[in-house]
A.B. asks: 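What follows is a single structure, and I will ask about it in a moment.
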Amino acid sequence: MRKIIIITIGLLIAWGVAGARQEVSMAENNKLRLAEAAIMQLYVDSVNESKLVEDAIVAMLAGLDPHSQYSNAEETKELNEPLTGNFSGVGISFNMNNDTLYVIQTVSGGPSERVGILAGDRIISVNDTTIAGVKMKNTDIMKRLRGPKGTKVDVTVLRRNHGKNDTIDFRITRADIPIYSVDAAYMVDDKTGYIRLNRFAADTADEVIKALKGLKKVGMDRLILDLTDNGGGYLNAAVELLGEFLQPGEMTVYTEGLNSPRIDNFAEPAGSKPLFDTGRLVVMVNQYSASASEITSGAIQDWDRGLIVGRRTFGKGLVQRPIPLPDGSMIRLTVAHYYTPTGRDIQKPYEKGNAKAYRSDILDRFNSGELMHADSIHHVDSLRVETLRLKRPIYGGGGIYPDRFVALDTTEFTNYYRDVTAKGLINTYAIRYVDEHRKDLVKEYKNDDNYTRDFEVTPAMLQELYDMASKEGIEYNAEEAALSRPLFSMIIKGLIGRDVFDSSTYYKVYNTHDPIFKEAYRLINSEEYDGLLKVL
């Protein structure tokens with residue numbers, strides 16, 4: 001238990017805990033020492049001391065809140081990569097298709113593009129190790145392709161060329177590869193911009209600033225900010241982002257805990273003034289929008305800066321402090337709650353040590369009808385507060401409640417669609433289609449706007465998908481296939497567009513089908529927008 005003892009003593013010294021409390025903690029440390037000594041010296045079988053220590057840490061944290069967690073060195077590295085904003089690798093996005101790595105895109109200016117690897121190539125070996133047709137896990141493949149900056153990796157590529165398959169050998173020098181937070185940024189119409197964020201990472205604010213400047217140059221004066229399915233990330237990233245939407249000096253969020261004094265955070269633009277502190281703003285959220293997404297949407301709602309559209313957010317209002325350990329592992333310990341500017345605590349209720357019940361919350365919302373019916377949402381009157389400018393009633397106690405509710409529509413999510421999706425067949429079909437028609441698609445559609453407007457998924461294409469499903473043992477259900485046809489068509493079109501153009505194309509297609517986006521777009525362009533901000 002040496003790791004536990006070192007952590008405990010270190011935290012006590014660093015945080016200056018009072019003497020009486022320290023005596024109790026030292027007594028508990030002695031129990032840990034005695035327990036470890038007894039196990040290591042007297043236990044009947046051999047013991048993996050490292051695993052014993054890790055299991056003890058995990059067990060201690062499990063008795064706290066649902067977000068205090070331990071990660072070993074490898075898990076810590078994987079957790080940090082998406083938030084630090086880059087890793088070292090070869091610079092491709094890929095899918096596995098029939099146990100073969102299929103290159104969807106190369107990172108612009110990245111190592112793979114520089115040596116001539118193309119979208120549609122299949123990487124069949126890495127450093128003389130065959131990775132095609134051997135059922136290798138994605139994580140194992142990524143470990144082979146990633147590595148320290150400046151190191152080299154040899155790959156063999158299978159490329160279809162004029163109907164023939166050629167093999168080509170490449171030597172790629174690994175480099176730092178950016179991980180982007182902005183999935184899409186485009187103009188929906190002449191005045192309305194759209195930005196989708198997938199996380200709040202170190203470079204998120206810079207990415208959004210770049211996107212805002214680009215959209216404003218082409219006439220944007222109103223914005224839809226999409227935070228659906230955004231699980232959050234760094235608190236500071238949300239604060240920096242809000243600096244471009246709120247007035248300088250307005251509070252964005254504050255944090256406070258038993259052993260963590262209150263810390264207030266205020267809006268501060270990156271430049272001389274905010275990029276978008278006026279103009280209509282609608283924020284899209286759903287039940288998977290969490291943490292920094294809730295900080296952002298909560299502050300915008302509190303200050304009456306814009307409208308929140310969608311469904312009640314996840315409800316994560318706990319702040320974790322990373323505590324790195326010498327072997328590269330890490331504890332993420334909850335040290336405070338965060339509060340919106342009006343003082344709302346967004347954290348949903350939980351029972352210490354009962355992570356299972358906490359994780360079932362979204363399913364409980366579904367079963368209770370909350371995700372489908374606005375009248376199933378029950379506010380707690382004691383948690384009612386008023387917005388800071390217009391004195392509108394809003395509520396705390398478990399996520400951000402939207403100003404305009406949008407129901408989850410499950411009509412098209414049939415069992416047949418579920419089974420086809422679970423087998424990965426829609427993605428497989430889209431990859432196959434692009435592989436066979438890439439040149440024709442590039443020639444016919446000059447840009448993704450033309451593609452989004454004109455490309456149609458034909459009945460013959462859908463039949464090919466259904467035939468693939470039948471070969472995989474999924475029995476065709478004509479009634480359910482008909483119900484799911486719009487969803488099948490949208491996903492296929494979006495994936496094909498993404499593979500031929502970029503991720504923005506997928507969301508241009510997806511948003512034509514998404515009820516939350518459609519309501520956000522309708523609202524931001526209607527007179528109702530101003531009315532809602534005044535009378536809610």
A.B. asks: Are R262 and Y254 in a cation-pi setup, meaning NZ or CZ lies under 6.0 angstrom from the ring centre and within 45 degrees of the ring axis?
C.D. replies: yes
A.B. asks: With R196, which of Y506, Y186, Y510, Y507 fulfils side-chain hydrogen bond (donor to acceptor under 3.5 Å, both in side chains)?
C.D. replies: Y507
A.B. asks: Who passes side chain to side chain contact (heavy atoms under 4.5 Å, CB included) against N72, sequence neighbours left out?
C.D. replies: E54, Y70, E74, E75
A.B. asks: Would a distance-only check, ignoring hydrogens and angles, find a side-chain to backbone donor-acceptor pair under 3.5 Å from R344 to G399?
C.D. replies: no
A.B. asks: Any side-chain to backbone donor/acceptor pair from E250 onto Q247? Under 3.5 Å, distance only.
C.D. replies: yes
A.B. asks: Does some side-chain heavy atom of L333 sit less than 4.5 Å from a side-chain heavy atom of L64?
C.D. replies: yes
A.B. asks: Please enumerate all residues that pass side-chain hydrogen bond (donor to acceptor under 3.5 Å, both in side chains) together with S297, with sequence neighbours excluded.
C.D. replies: none
A.B. asks: Going by distance alone, is a donor N or O of one side chain under 3.5 Å from an acceptor N or O of the other, for T313 and S289?
C.D. replies: no
A.B. asks: Do other residues, nucleotides or ligands put more than 12 heavy atoms under 6.0 Å from K191 NZ?
C.D. replies: no
A.B. asks: In this structure, is the centre-to-centre distance between the rings of F517 and Y194 below 6.0 Å?
C.D. replies: yes
A.B. asks: Answer yes or no: does atom CZ of F266 have more than 12 heavy-atom neighbours from other residues, nucleotides or ligands under 6.0 Å?
C.D. replies: yes
A.B. asks: Checking side-chain polar atoms at under 3.5 Å, does Y529 have a donor or acceptor matched by the opposite partner on R280?
C.D. replies: no
A.B. asks: Mark yes or no for whether T252, through its side chain, and N265, through its backbone, hold a donor-acceptor pair below 3.5 Å.
C.D. replies: yes
A.B. asks: Taking the six-membered ring of Y358, is the NZ or CZ of K352 close enough (under 6.0 Å from the centre) and on axis enough (within 45°)?
C.D. replies: no
A.B. asks: Report yes if some heavy atom in the side chain of T255 is under 4.5 Å from a heavy atom in the side chain of Y339; otherwise report no.
C.D. replies: no
A.B. asks: Distance only, no hydrogens: is a donor on one side chain within 3.5 Å (strictly under) of an acceptor on the other, for N48 and S50?
C.D. replies: no
A.B. asks: For F413, give me all partners under side chain to side chain contact (heavy atoms under 4.5 Å, CB included), at least two apart in sequence or on another chain.
C.D. replies: Y417, L487
A.B. asks: Using modelled atom types only, decide if a donor and an acceptor are shared between the side chain of E207 and the backbone of S181 within a distance under 3.5 Å.
C.D. replies: yes
A.B. asks: Would you say the side-chain atoms of S291 pair up with the backbone N or O of G231, donor to acceptor, closer than 3.5 Å?
C.D. replies: no
A.B. asks: Could you work out, with salt bridge (Lys or Arg N to Asp or Glu O under 4.0 Å) as the rule, every residue matching R365, not counting sequence neighbours?
C.D. replies: D361
A.B. asks: So, S329 and T76: side-chain donor and acceptor under 3.5 Å apart, yes or no?
C.D. replies: no
A.B. asks: Would D302 and T342 count as having a side-chain donor-acceptor pair, cut-off 3.5 Å?
C.D. replies: yes
A.B. asks: Under 6.0 Å from the ring centre and within 45 degrees of the ring axis: does the NZ or CZ of K216 meet both conditions for the six-membered ring of F276?
C.D. replies: no
A.B. asks: Do R174 and S88 have a side chain donor and acceptor closer than 3.5 Å?
C.D. replies: no
A.B. asks: With sequence neighbours left out, write down each residue that passes side-chain hydrogen bond (donor to acceptor under 3.5 Å, both in side chains) with R222, or none if nothing qualifies.
C.D. replies: N525
A.B. asks: Are the side chain of E294 and the backbone of K316 linked by a donor-acceptor contact shorter than 3.5 Å?
C.D. replies: yes
A.B. asks: Looking only at side chains, do S503 and D183 share a donor and an acceptor under 3.5 Å apart?
C.D. replies: no
A.B. asks: Pick one: which of L307, L223, I524 meets side chain to side chain contact (heavy atoms under 4.5 Å, CB included) with L281?
C.D. replies: L223
A.B. asks: Do W303 and L390 make a side-chain contact, defined as non-hydrogen atoms from C-beta onward lying under 4.5 Å apart?
C.D. replies: no
A.B. asks: Say whether N286 and T228, considering side chains only, have a donor N or O and an acceptor N or O under 3.5 Å apart.
C.D. replies: no
A.B. asks: By side chain to side chain contact (heavy atoms under 4.5 Å, CB included), which residues pair with D65, not counting sequence neighbours?
C.D. replies: H67, S68, L318, Q320, T334, Y350
A.B. asks: Would you indicate whether K518, at its atom NZ, is surrounded by more than 12 heavy atoms from other residues, nucleotides or ligands within a distance under 6.0 Å?
C.D. replies: yes
